[in-house]
Peer 1: 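I have a structure I would like to understand better, so I am pasting it below and will then ask my questions one at a time.
Labels below follow one simple rule: chain letters A, B, ... track the order of the sequence lines, proteins then strands, and each chain is numbered from 1.
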Protein chains: 2
Amino acid sequence: MANLVRVSSQSRSTAVAGAIAGIMREEGYVEVQAIGASALNQAIKAATIARGYLAEDGIDLVIVPSFSTVMIDDTERTAVHLAIYTKPQSLVAPEAMMLAA
Amino acid sequence: MANLVRVSSQSRSTAVAGAIAGIMREEGYVEVQAIGASALNQAIKAATIARGYLAEDGIDLVIVPSFSTVMIDDTERTAVHLAIYTKPQSLVAPEAMMLAA
């Protein structure tokens, strides 16, 4: 079972970023779950900040988002689930490829 | 210059998803910009919906988020910039790797 970081609208982005960066350093993979627009905002900001933390270690990340259904207090809620992978070095933007050519 | 899709809080997720999917099919790369929590929510939901559209073509995507500063009405705003790449087939979650082994 992969590590799951649950992010709420009250979560501090930098604290979540630290958690994401720590797990990425150890495991190279982490999953983040957010329910609602402001929780998702915190989650994406956290992943963006984590990229800065990880850059010192020469690590970068990519996000694959998906929807999932979770039960909260007997109510079905749609969560956004972010699978965070180590970014392959082969992954470069088209402009970067042109600049390198 | 890569295609830039600007998403606002009023953007319809499915319309943005269609735009993302269309550009990904043609170019394999697109950039999305969102300012504020609800715009970012729409942008991430759109990218998630676009994964469903692209699955029919055997294409998947990954997101690399970054912050950028944009000027709106002479005011500096922090935007979240999503670079969307075609997902390399080599990118698999640790559990998926274990299942395949």
Peer 1: Is B:Ile49 in contact with chain A via its backbone, its side chain, both, or neither, using a 4.5 Å heavy-atom distance?
Peer 2: both
Peer 1: Above 12 or not: heavy atoms from other molecules or residues under 6.0 Å from CZ of A:Arg12?
Peer 2: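 Result for CZ/A:Arg12: open.
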Peer 1: Test A:Val7 against A:Gln33 for side chain to side chain contact (heavy atoms under 4.5 Å, CB included), laying out the working first.
Peer 2: CA-CA 6 Å; A:Val7 180; A:Gln33 179 185 285; over 6 Å; no
Peer 1: Please find the pair of heavy atoms, one from A:Ala50 and one from A:Ile20, that lie closest to each other, and give the distance.
Peer 2: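 Shortest heavy-atom contact: CB-CG2, 3.8 Å.
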Peer 1: Among A:Thr48, A:Leu61, A:Asn41, which residue has the highest count of heavy-atom pairs closer than 4.5 Å to chain B?
Peer 2: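 Going by pairs under 4.5 Å, I would pick A:Thr48.
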Peer 1: Quick check: closest heavy atoms across B:Tyr85 and A:Ala93, and the distance to 0.1 Å?
Peer 2: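 Heavy-atom minimum between the residues: CE2-N, 3.4 Å.
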Peer 1: Below 4.5 Å from any heavy atom of chain B, which atoms of A:Val80 appear? Answer side chain, backbone, both or neither.
Peer 2: side chain
Peer 1: If you count heavy-atom pairs under 4.5 Å between each of A:Ala37, A:Ala83, A:Pro88 and chain B, which one has the most?
Peer 2: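 Option with the top pair count is A:Ala37.
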Peer 1: Which atoms of B:Lys87 come close to chain A, meaning under 4.5 Å heavy atom to heavy atom: side chain ones, backbone ones, both, or neither?
Peer 2: side chain
Peer 1: Do B:Gln42 and B:Ser13 have a side chain donor and acceptor closer than 3.5 Å?
Peer 2: yes
Peer 1: Would B:Val64 and B:Leu82 count as a side chain to side chain contact (heavy atoms under 4.5 Å, CB included) here? Give the steps.
Peer 2: CA-CA 6 Å; B:Val64 179; B:Leu82 307 174; over 6 Å; no
Peer 1: Between chain B and each of A:Gly52, A:Ser90, A:Pro65, count heavy-atom pairs under 4.5 Å; write down the option with the most.
Peer 2: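 Between A:Gly52, A:Ser90, A:Pro65, the count favours A:Pro65.
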Peer 1: What part of B:Phe67 is in contact with chain A, defined as an atom under 4.5 angstrom from a non-hydrogen atom: side chain, backbone, both or neither?
Peer 2: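 Its backbone and side chain both get close to chain A.
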